[in-house]
Participant: 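My structure is below; once you've seen it, I'll send some questions.
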Amino acid sequence: MIPFDYERAVGAASAVAKVTGHSGAAFLAGGTNLVDHMKLGIATPDFLVDISKLPLDTIEELPDGRVRIGATVRNSDLAAHPLIRQRYPVLSQALLAGASGQLRNMATTGGNLLQRTRCVYFQDVSTPCNKREPGTGCSALGGYTRNHAILGASDSCVAVHPSDMAVAMTALDATVVILGTHGKRSLPLTALFRNPGSEPNRDTTLEHGELIIAVDLPADTSSLSAYRKVRDRASYAFALVSVAALMDIDDSGTFREVRIALGGVAHQPWRAERAEEVLRGAEATEENFRRAADAELVFASPLPDNAFKIPMVRNTMVAVLRQLAGGQNNG
């Protein structure tokens, strides 16, 4: 680990100013991802600005019914909060499916969104990796790709985003609140993340020094929702495939609304817009569930080791939709 300077932030605006003004600076909150990367030599900041003590750790209902989650709310606190469990059970389920209890006690909301891929080549500094060192190549191509992307990848990178929480928030149409040197701005969570393209080193659309200060969830919570994660073992494992879904069905059994997001399949939490389009206005039948899954997977491009993810996505999506159409709101 290289030497670095450390400073505890006294305010969000001053923290933003300090990181913006120093090209080698980084924000530190729970540290569950950044500190590991510093030990491995993946991240080499020479100045850390600690935001963990800033007053960004509350969960509150806004006057318009939306719920605002502070960026430093711990994952365990978010999963257990009565408002989240009652109105957004898909989010609570996703959080509890991720990591271990000890890590959830440290990891923060903002940090969870910004965590980096667990691609074995990204984490091994002895191998070429375009995400870690742009222009060096992607070792996964022609290498071990069982856990890698089948959607939205490029010739530069086939890594996947590791977060469970972000998949649920994508299905919930969450909005992130960002503070920069020019003030606050909000954008849909789907606009925060980006596919790798020719710049896989850029996981998000954030500029250097911009700080996520909150995540807003919409007021409408009438939908049934569930999160299902398929993984190699029952705990402390990243998703091979995950599905977060919300749906609203009328008395005739027709979809009024449906929102679906996938995890473990792309460089970002993958909003299944093609599947949603098939289902809106359609009957909630097994045949339509499969049609929707097939529509989403039409452009899937599996790698030599992960072709199994295509039927796994299809079967998991159908199972979650079947579960919710039967009126079950639990994962």
Side-chain angles (χ1 to χ4, degrees), residues 1-60 68-78 98-99 102-118 122-123 125 131-134 161-163 165-166 169 174-187 189 191-194 199-216:
M1 186 183 292
I2 64 169
F4 59 88
D5 294 324
Y6 169 91
E7 184 173 321
R8 179 169 289 176
V10 296
S14 64
V16 166
K18 288 180 183 296
V19 173
T20 301
H22 193 301
S23 62
F27 297 112
L28 174 69
T32 57
N33 195 212
L34 175 60
V35 173
D36 280 349
H37 285 177
M38 291 173 67
K39 292 176 180 178
L40 291 169
I42 298 168
T44 56
D46 57 15
F47 179 31
L48 293 182
V49 178
D50 186 347
I51 61 169
S52 62
K53 302 302 181 183
L54 295 181
L56 302 173
D57 59 348
T58 60
I59 301 169
E60 60 178 332
R68 175 159 291 176
I69 302 164
T72 62
V73 171
R74 306 291 174 171
N75 287 182
S76 54
D77 293 334
L78 182 58
Q102 295 93 329
L103 285 171
R104 291 195 297 268
N105 286 341
M106 287 297 297
T108 63
T109 300
N112 188 307
L113 292 176
L114 298 178
Q115 65 180 298
R116 308 209 70 189
T117 184
R118 296 323 195 272
F122 173 73
Q123 299 198 102
V125 295
K131 181 176 286 296
R132 183 173 15 87
E133 294 183 71
H161 194 277
S163 175
M165 183 195 78
M169 286 186 169
T175 300
V176 288
V177 183
I178 298 163
L179 180 65
T181 54
H182 299 293
K184 293 180 184 179
R185 66 185 179 102
S186 297
L187 76 164
L189 184 60
L192 173 69
F193 299 110
R194 57 184 302 278
E199 294 182 288
N201 54 303
R202 294 188 60 216
D203 293 345
T204 72
T205 58
L206 292 177
E207 298 296 332
H208 178 69
E210 287 192 309
L211 175 66
I212 295 175
I213 58 173
V215 177
D216 290 347

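Residues: numbered from 1 along the sequence shown.
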Participant: Check F193 against A166 and note the closest heavy-atom contact, atom names and distance.
Facilitator: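 Heavy-atom minimum between the residues: CZ-CB, 4.2 Å.
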Participant: Nearest 0.5 Å, please: how far is CG in L206 from CG in L113?
Facilitator: 9.5 Å
Participant: For the residue pair N201 and P134, what are the closest heavy atoms and their distance?
Facilitator: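 Looking at all heavy atoms of both residues, the closest pair is CG-CG, 3.6 Å.
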Participant: Measure across R194 and R202 and return the closest heavy-atom pair with its distance rounded to 0.1 Å.
Facilitator: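 In this case the closest contact between R194 and R202 is NH1-O, 2.8 Å.
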Participant: Is the backbone of I178 close enough, under 3.5 Å, to the side chain of R185 for a donor and an acceptor to pair up by distance?
Facilitator: no
Participant: Okay, side chain of N33, backbone of G111: is any donor-acceptor separation there less than 3.5 Å?
Facilitator: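 No; zero donor-acceptor contacts below 3.5 Å.
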Participant: Rounded to the nearest 0.5 Å, how far does OG1 of T109 lie from CG of L114?
Facilitator: 11.0 Å
Participant: Measure across P200 and K131 and return the closest heavy-atom pair with its distance rounded to 0.1 Å.
Facilitator: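 Looks like O-NZ, 2.6 Å.
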Participant: Measure across T181 and V16 and return the closest heavy-atom pair with its distance rounded to 0.1 Å.
Facilitator: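 Heavy atoms of T181 and V16 come nearest at N-CG1, 3.7 Å.
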Participant: Working to the nearest 0.5 Å, report the span between CG of D36 and CZ of R116.
Facilitator: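 Between atom CG of D36 and atom CZ of R116 there are 14.0 Å.
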Participant: Could you go step by step and tell me if M169 and I69 meet the side chain to side chain contact (heavy atoms under 4.5 Å, CB included) rule?
Facilitator: CA-CA 11 Å; M169 286 186 169; I69 302 164; 4.0 Å; yes
Participant: Is R132 close to Q123 at the side-chain level, that is, under 4.5 Å between some pair of heavy atoms?
Facilitator: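 Of all side-chain heavy-atom pairs linking R132 with Q123, none is under 4.5 Å.
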Participant: Would you call V215 and L189 a side-chain contact if the rule is heavy atoms closer than 4.5 Å?
Facilitator: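 With C-beta onward as the side chain, the pair stays apart.
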Participant: I would like to know whether L192 and I212 meet side chain to side chain contact (heavy atoms under 4.5 Å, CB included); could you show each step before the answer?
Facilitator: CA-CA 10 Å; L192 173 69; I212 295 175; 4.1 Å; yes
Participant: Which heavy atom of E210 sits nearest to which heavy atom of T205, and what is that distance?
Facilitator: OE1-O, 4.5 Å
Participant: Looking just at side-chain N and O atoms, do N112 and S163 make a donor-acceptor pair shorter than 3.5 Å?
Facilitator: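 Yes.
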Participant: From S23 OG over to D46 CG, what is the distance, rounded to the nearest 0.5 angstrom?
Facilitator: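 Result: 7.0 Å between the selected atoms.
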Participant: Nearest 0.5 Å, please: how far is OG1 in T20 from CG in L211?
Facilitator: 9.5 Å
Participant: Could you walk me through whether R74 and D57 pass the salt bridge (Lys or Arg N to Asp or Glu O under 4.0 Å) test, one step at a time?
Facilitator: CA-CA 8 Å; R74 306 291 174 171; D57 59 348; over 6 Å; no
Participant: Using 30° and 60° as the class limits, which term best fits the ring planes of H22 and F47: parallel, tilted or perpendicular?
Facilitator: tilted
Participant: Using side-chain contact (heavy atoms from CB on, under 4.5 Å) as the criterion, point out the one residue from D5, L28, V19 that pairs with V49.
Facilitator: V19
Participant: Examine distances only and state if a side-chain atom of R68 and a backbone atom of A214 form a donor-acceptor pair shorter than 3.5 Å.
Facilitator: no
Participant: What distance separates M165 CE from R104 CZ, expressed to the nearest 0.5 Å?
Facilitator: 13.0 Å
Participant: Does the T72 side chain pair with the main chain of I51, one donor and one acceptor, at a distance under 3.5 Å?
Facilitator: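 No: the side chain of T72 does not pair with the backbone of I51.
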